[in-house]
Amino acid sequence: MFYVKYKELTKQFNFSNALNREDLPGYIKHYILDDEQVLVVYKTERDHGVFTDRKIVLFDSFRKSGGQKQICTIPYNSIATITVTFSQDCADLNMVLQCGVPVHLHFNATEAEDKVRLRLLYTCINRIIDDQTPSKRDIKRLMKDDVSFER
């Protein structure tokens, strides 16, 4: 579970694939500032997760409760620690917010390209958390969806 101020926010997010930025639904674009860069967009069965150069925006639909949608924004500067774990067919991004709240994002059916994308994203977020500037090359690769495997 994911709690904010001890109130349940959402169950675990299980992202299935990365989306093209141009395929973003219109309502999601309202939560992204004009001067923000969208790095990666992931989709769950019914929800979205948007990673920008400043924050993560999670969209969580509640089909059982009358079609409500809950939106959570996590600024990178509110993340205390972040880890990424890869297994053969999936990956996990685990964060602990500065207030002590754990956040778990699961990525299903990851191919080699998906793992490279997630590694680049993790590296950018980690640098921002450490008050460093992310690599322009990594940002450029994410923006162009250049996730070819480099040796």
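Just so we're clear, the structure is a prediction, and the values are computed from it rather than from any experiment.
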So, using side-chain hydrogen bond (donor to acceptor under 3.5 Å, both in side chains) as the criterion, who are the partners of [X] when residues are at least two apart?
{"X": "Asn94", "value": "His104"}
{"X": "Asp114", "value": "Arg117"}
{"X": "Glu36", "value": "Thr52, Lys55"}

Listed partners of [X] passing side-chain contact (heavy atoms from CB on, under 4.5 Å), at least two apart:
{"X": "Asp130", "result": "Asn126, Gln132"}
{"X": "Thr133", "result": "none"}
{"X": "Lys29", "result": "Leu24"}
{"X": "Asp35", "result": "Leu33, Arg54"}

What is the minimum heavy-atom distance between [X] and [Y], and which atoms define it?
{"X": "Ser87", "Y": "Lys115", "answer": "O-NZ, 2.7 Å"}
{"X": "Asp53", "Y": "Tyr76", "answer": "C-CE1, 3.7 Å"}
{"X": "His48", "Y": "Ile28", "answer": "CG-CD1, 3.4 Å"}
{"X": "Met143", "Y": "Gln37", "answer": "SD-CB, 4.0 Å"}
{"X": "Arg127", "Y": "Pro134", "answer": "CD-CA, 3.9 Å"}
{"X": "Ile129", "Y": "Ala80", "answer": "CG2-O, 4.1 Å"}

Note to self: Holding to ring-ring contact (aromatic ring centres under 6.0 Å, His included), I want the full list of residues that pass it with Tyr31, two or more places apart in sequence or in another chain.
What the structure shows: Phe59
Margin query: My understanding is that only residues two or more places apart in sequence, or in another chain, count here; which of them pass ring-ring contact (aromatic ring centres under 6.0 Å, His included) with Phe15?
Written below: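 Listed in chain order: Phe13, Tyr42, Phe107.
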Side chain proximity check, [X] to [Y], heavy atoms < 4.5 angstrom:
{"X": "Val41", "Y": "Val38", "answer": "yes"}
{"X": "Ile139", "Y": "Leu39", "answer": "yes"}
{"X": "Ile56", "Y": "Leu58", "answer": "yes"}
{"X": "Ile32", "Y": "Val50", "answer": "yes"}
{"X": "His106", "Y": "Leu93", "answer": "no"}

Check: Thr123 side chain to Arg119 main-chain N or O, any donor-acceptor pair under 3.5 Å?
Finding: yes
Next item on the list: Could you tell me whether the side chain of Arg21 and the main chain of Val40 form a donor-acceptor pair under 3.5 Å?
Entry: no
What's the spacing between [X] [atom1] and [Y] [atom2] if we round to 0.5 Å?
{"X": "Leu19", "Y": "Lys43", "atom1": "CG", "atom2": "NZ", "answer": "7.0 Å"}
{"X": "Asp138", "Y": "Cys124", "atom1": "CG", "atom2": "SG", "answer": "5.0 Å"}
{"X": "Leu121", "Y": "Ile82", "atom1": "CG", "atom2": "CD1", "answer": "7.5 Å"}
{"X": "Asp47", "Y": "Gln70", "atom1": "CG", "atom2": "CD", "answer": "10.5 Å"}
{"X": "Ile79", "Y": "Ile125", "atom1": "CD1", "atom2": "CD1", "answer": "6.0 Å"}
{"X": "Ile74", "Y": "Met95", "atom1": "CD1", "atom2": "CE", "answer": "5.0 Å"}

Next item on the list: Is it possible for you to say whether Val96 and Ile128 belong to one hydrophobic cluster, with membership spreading through side-chain heavy-atom contacts below 4.5 Å?
Entry: no
Note to self: Under a plain distance cut-off of 3.5 Å, with no hydrogens placed, do Ser16 and Asn14 share a side-chain donor-acceptor pair?
What the structure shows: no
Next item on the list: Take Phe51 and Leu105, measure what side-chain contact (heavy atoms from CB on, under 4.5 Å) needs, and give me the verdict at the end.
Entry: CA-CA 12 Å; Phe51 294 80; Leu105 304 176; 3.8 Å; yes
